[in-house]
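Here the structure is a predicted model, which means the values were calculated and not measured.
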Amino acid sequence: MGELQVWSNSVAGGGASGIAHRHHQHSAYKRCDTGSGISSVVRLKKLPGAAPEALFVSSSPSPFRFIRKKRLISKMAGSEVKPLTADVVSGDMIFQPILEDGVFRFDSSNDRDAAFPSLSFINTKDRDVPITTHKVPVYTPTFECLLGQQIVKIELPAGTSFYGSGEVSGQLERTGKRVFTWNTDAWGYGPETTSLYQSHPWVLAILPNGEALGVLADTTRRCEIDLRKESGIRFTAPSSYPVITFGPFSSPTAVLISLSQAIGSVFMPPKWSLGYHQCRWSYDLDKRVLEIARTFREKGVPCDVIWMDIDYMDGFRCFTFDKDRFSDPKSLVNDLHRNGFKAIWMLDPGIKKEGGYSVYDSGSKSDVWIQKADGTPFVGEVWPGPCVFPDFTQSKARSWWAGLVKDFISNGVDGIWNDMNEPAVFKTVTKTMPESNIHRGDDELGGCQNHSYYHNVYGMLMARSTYEGMKLANENKRPFVLTRAGFIGSQRYAATWTGDNLSTWEHLHMSISMVLQLGLSGQPLSGPDVGGFAGNATPKLFGRWMGVGAMFPFCRGHTEIDTIDHEPWSFGEECEEVCRRALKRRYRLLPHIYTLFYMAHTKGTPVATPTFFADPEDPSLRKLENSFLLGSVLVYASTMRGQGLDKLDCAFPKGIWLRFDFDDSHPDLPALYLQGGSIIPLGPPHQHVGEANPSDDLTLLVALDQHGKAEGVLFEDVGDGYEFTRGEYLLTHYVAELHSSVVTVRVSKTEGLWKRPKRRLHVQLLLGGGAMLDMWGVDGEVLQIMMPSEEEVNKLVSTTEKHYRTSLESAKQIPDVEEVSGQKGVELSRTPIELKSGDWILKVVPWIGGRIISMMHLPSGTQWLHSRVDINGYEEYSGTEYRSAGCSEEYNVIE
């Protein structure tokens, strides 16, 4: 009889049992990390006459158990055989109200102290201390505890829709999907990849009546979020962990506000960080950086930030500068500042293991490195070669890192980019460090634990340390940190992006849902690599992506090494003009976007949301993936190659939605609509945020509702620092009302100590079809607009719509080129090639080094490995089906 041997680093997410079920004619062996660096073997064997499900597991339990959350005790037990049908502890979970009315904590037993501290809550006491309330839960989860795993299920009414689960690819509405929270360096991920860079064990459920319920599995461990059963949520993670429910509340926004009370709201970003960011791997010379900056200004394309990827360093050593290519970083930054640019620099966690390198020497002296089970520092391969890794679970390590960041800022650094912080490790199948590694964590974080406990929060703790270091450097400036890896709660310290995406139409389409899912999971400040990171964008793809990306909360163009140039002017004049228009739109909308972030920071409200937020009761809106709301602005984008704006069919929520533009419409730009009842503030299309002045003309865009009323708000401060927390700001509430053919626009309320700047006020009253009435006045004074007759309005609307159609028809189209040659003349094919060998089939995309995108065992339908590529010695894995999240299966088939 043949045998299938499977060697792996963990048994998680159903990997072992899945093998046995699908290959029950074989015996399967699996090598597992026990947490001590000692491997055990699990043997799965079909019993004579038994059904495939009747399996026995021979295993060694984990060598660690946590006692009173204070001490880690090693327990090495001999192997024992026990059936999968062993006694199961199950039942309804026990609840207690916490935090505020409508929020409940559920546990599998009365021993709530068995749960680890919360790393998602701002204050773990908020999760652990009950409140007094008369409310009881509407929905009670059930649980099972089996073989060290706690399985939690929540059944909801038929017709419930699911969202959230953090950074996930694929569809917006998540019914039918399963993901694993295990931060993974997922270069080139696809729509079915089950583990990306961040972990958010959180589901937002929209009930059939439009009410919403949020569910948080408060565990840092690898967690399966299974939404494959209609209207059912299932979490599976190592025992034991509490489940927190928020609601049901009247709306999804109310749930997100409640969530922010637990996990914190987004940090208040400096205003410049909401402008456009330009990056690539890499602008490898300071002269090239200045050339890029100069070209932005010469071409009149707005931009605020230039990014320095890893090649600015001396041999990839963090906190250093290459003496030849970036010989005088202070001078470079001064030149950038004079031209209105900020500079952001990358810092990775991997510190080169090299005596004489000051960062390594000081870290070794302070004893801050993550250790192996034997107590010696773990060494893993990353960009510099052999590296050690700071143990950010220790306060002394975070303080050590923050001190380095503080000194680094003195070079003129405006922001810091934390990359590779899953943590990513090269030349290992798991793409990260062994789960047996030891973190000597602070007691309040969970104490001394192996890496499997802290893996998912490593990136968040690094971002926290970086954020705190920037505050140490200058308490009068708001830090800006961008992190690749994160956990639910990371928004307190850092923005994020959606990782190493591809230059494809599929990834353009998917980027909308990914940004929205992060926002629905508590992280509103995110965006994709505009144009795609891996591969070469075409002119049409890049222009279309910039049109959408300019409306995202975070807007950055980025691409990887060995691709063609991906700056806005790199794809011809037609694409350049589309990018210029897109970014000018963003800068006009910055007063509105900045106000949205003030509200997100102070109240926990979302910034970008799915279209159905305007009418949660309408089920037809719940799966719309090419539109979204930016506050009260509806953005409708075409994400299909052959479908421009002129061919786009739009579905609207109930109510009034009035189209507007800035006389800049183009088939490759999104359509913009303002919700009836709304007023949004607009500013001039500056080249960078630093050009703005409080005395600039202020524009209010007004859309009346069916009752002839509208309202809106504008937040203003200096754009940086924390004086706004001491009242140094101006928050203006504007209202508009139609009465007797006259629309009156006025200030209804103000907050803050700032006096109103002396400036002109330009009111644009939308009528429909893009038509509008203009009126000028003085901000702070009452302004009145006389409405024309119905006949005159109809004539104006008709004329405007005709002009709009003519503009779309006469616009210079971006060339629709299918392929773009690489720098070395390599044609980048988008078509997978299938290679068959016996029972196996490979799908290979021949671009970027011959990339295996799937590997299928035909008889069983099991997909063992997805997305393996070797680039410059860097092995990459990501993809459709991790049998165990964070654990790719290595296999040998023995005949």
What I want to check is whether the side chains of T806 and S810 have a donor and an acceptor closer together than 3.5 Å.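 Absent: no donor and acceptor within the cut-off.
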Going by distance alone, is a donor N or O of one side chain under 3.5 Å from an acceptor N or O of the other, for Q198 and T496?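 Yes.
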Assess the residue pair K299 and E576 against the criterion (salt bridge (Lys or Arg N to Asp or Glu O under 4.0 Å)); give the C-alpha distance rounded to whole Å, side-chain angles, the decisive distance to 0.1 Å, and a yes or no. CA-CA 9 Å; K299 291 184 173 292; E576 178 185 325; 3.5 Å; yes
Aromatic rings F533 and H558: how do their planes relate, parallel, tilted or perpendicular, breaks at 30° and 60°?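 Tilted.
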What class does the angle between the rings of Y276 and F296 fall in, given that below 30° is parallel, 30 to 60° is tilted and above 60° is perpendicular?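 Because their plane-to-plane angle lies in the 30° to 60° range, the rings of Y276 and F296 count as tilted.
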Within a 6.0 Å radius of atom CD on E573, are there more than 12 heavy atoms belonging to other residues, nucleotides or ligands?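 Incorrect, the count does not exceed 12.
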Surrounding CD of E625 (heavy atoms of other residues, nucleotides or ligands, distance under 6.0 Å), is the total greater than 12?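 Yes, because the 6.0 Å sphere around CD of E625 holds more than 12 heavy atoms from other groups.
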Do the non-hydrogen side-chain atoms of L204 and I206 ever get within less than 4.5 Å of each other?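 Yes. Closest side-chain heavy atoms under 4.5 Å.
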salt_bridge([X], [Y]) N-O dist < 4.0 Å:
X	Y	answer
E577	R581	yes
D529	R556	yes
D226	K177	no

Determine which pairs satisfy salt bridge (Lys or Arg N to Asp or Glu O under 4.0 Å) with at least one residue from residues 538-553, sequence neighbours left out, and list them in order.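 Of all non-adjacent pairs touching residues 538-553, those that pass salt bridge (Lys or Arg N to Asp or Glu O under 4.0 Å) are K540-D668, R544-D668.
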Could you go through residues 605-615 and list every donor-acceptor pair under 3.5 Å that involves a side-chain atom there, pairing it with any protein atom two or more places apart or in another chain?
{"from": "T605", "atom 1": "OG1", "to": "M599", "atom 2": "O", "distance (Å)": "3.4"}
{"from": "T611", "atom 1": "OG1", "to": "S627", "atom 2": "O", "distance (Å)": "3.3"}
{"from": "T611", "atom 1": "OG1", "to": "S627", "atom 2": "OG", "distance (Å)": "2.6"}

